[in-house]
Amino acid sequence: MTAPLLPGHPHLAYRATPSGQDLYLEGARLADLARIHGTPLFVYSQQAMLDALAAYQRGLASRIEQGKARICYALKANSSLAILQLFARAGCGFDIVSGGELERVLAAGGDPTRVIFSGVGKTRTEMRQALDTGIGCFNVESEAELDVLNDVAVELGKVAPVSIRVNPDVDAKTHPYISTGLKGNKFGIAHERAVAVYQHAARLPGLKVVGIDCHIGSQITEERPYLDALERVLDLVEAIEAAGIPLHHIDLGGGLGIDYHGDTPPAADALWHKLLARLDARGHGAKAIFIEPGRSLVGNAGVCLTEVLYLKPGEQKNFCIVDAAMNDLPRPAMYEAYHQIVPLAPRDTAQASAAVNYEVVGPICESGDWLGHDRMLTVQAGDQLAVLSAGAYCMSMASNYNTRGRAAEVLVRGEQPTLIRRRESAADSFRHDILP
Ligand code: LLP
């Protein structure tokens, strides 16, 4: 087996075959999966997900042993039931942002008491559903939401466990669309208002204050923003407790980045050792720690397989038109995100010298439907490619635009592939339409 393609993709590698090389994810030959299930096709490595989780578990080990740490997988990153089941069985709780996500967690066998509910716009219906299910904590994002949650809880004769999301005003140095901890964001309560809001919450009969929460952004590749956010949150913890409101847990959100293209995020275990040391040093060693990682648990565990439909040489640009599109892989169109694109069976070196610079684009009728700019590829129509780092925020953000059914998904364990989601048909996508 040759070296992994990217440090972030430990279970993806080319293997030599009599006719050349073939790309494998764990022990599964990806070209076989593309032939059996068709393309576009998402394929995930179970081991890569468990390894990513293990890094957090190592970092938090001292607290996990005392039952004082909870890893709540943020399922917005990838909400396939099989993946939720995997994380539930590995001991994870879940960070949800809708009633629909709660239903998914329950359908996958997740423990509702280990669910935390984030998001700025929870509806009364969702609050009722979550209270009836007995979730672990509501991460409340505004003063108005506190009052509504209190009303709903009192109506049901229940007490809602709450944590208030504070905005630490720390620059996560990431894409503006996925930076959430700055003053101008819609998320959380301003640092200066936090103590007053906690005092208000503590007086409401339908609420029980249990923790504090912050989340500063996503795809964070430096440790500094985390260290800064922790200090600012601890300042608040101390002020809130001095006001007579004890806090049981501190939730530091998710956000750790992955290696898409030479990115070098801190390792989860090293980062958490550092953060726990700071917590201990400031006298908060007894508090429970919650985290909400999404992307870093699944992003580099997944690839999206696609077939080259046509090559279209042009005067200014050459287009490589593939059968995956922005409805399957929305991140390039939405964030100008970079995903590495590699062939499943690379051509030999003599042919590789004939590599051509391509715009890799999908079939959707929009110029924004691109998957990669300026990619040097040696390809022909009918070749298959893998779009890497496709485990997070791809399938979960996929749509039916252009009446394209969403792709199928396969989970690989060693040499064993399992279909975990069937390809959607066109009929699936208009099943709810009504002809008058
Ligand atoms: N907790 C909260 C409250 C969040 O808002 C998020 C992500 C997470 C946890 C998980 O963050 P992660 O560990 O995945 O960075 N669609 C964008 C990413 C949006 C992230 C939104 N919030 C993308 O494709 O880059």
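This chain uses plain numbering: 1 for the first residue, then up along the sequence. When a ligand or atom number is given, it counts from 1 through the structure's own listing order. Note: hydrogens, waters and symmetry copies are ignored here, and every other heavy atom, side chains too, is used.
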One finds that the ligand 1 atoms under 4.0 Å from a non-hydrogen atom of D95 are 1 (N), 2 (C), 9 (C)
Which word best sums up how the rings of F290 and H249 line up, parallel for under 30°, tilted for 30 to 60°, or perpendicular for over 60°? parallel
Ignoring angles and geometry beyond distance, decide whether S118 reaches within less than 3.5 Å of ligand 1 through its nitrogen or oxygen atoms. no
So, are D428 and R431 salt-bridged, with charged N and O less than 4.0 Å apart? yes
Any nitrogen or oxygen of L256, side chain or backbone, less than 3.5 Å from one on ligand 1? no
Near R295, which atoms of ligand 1 are under 4.0 Å from a heavy atom of that residue? 12 (P), 13 (O), 14 (O), 18 (C), 23 (C), 25 (O)
Which is it for R165 and ligand 1 at heavy atoms under 4.0 Å: side chain, backbone, both or neither? side chain
Residue pairs fulfilling side chain to side chain donor-acceptor pair (under 3.5 Å) with at least one residue in residues 75-87, sequence neighbours excluded: Y44-N78, N78-S80, S80-E409
Under-4.0 Å salt bridge between K122 and E145: yes
Indicate, as side chain, backbone, both or neither, the part of E292 found under 4.0 angstrom from ligand 1 when only non-hydrogen atoms are considered. both
Side-chain ion pair, D328 and R404, N-O less than 4.0 Å: yes
Under-4.0 Å salt bridge between D228 and R232: no
Can you sort out which atoms of ligand 1 are near A74, meaning under 4.0 Å from one of its heavy atoms? 8 (C), 9 (C), 10 (C)
Within reach of ligand 1, part of Y335 (heavy-atom separation under 4.0 Å): side chain
Nearest-option assignment for atom 13 (O) of ligand 1, heavy atoms, candidates G255, A392, S296: G255
Can you tell me if R295 and Y260 form a side-chain donor-acceptor pair at under 3.5 Å? yes
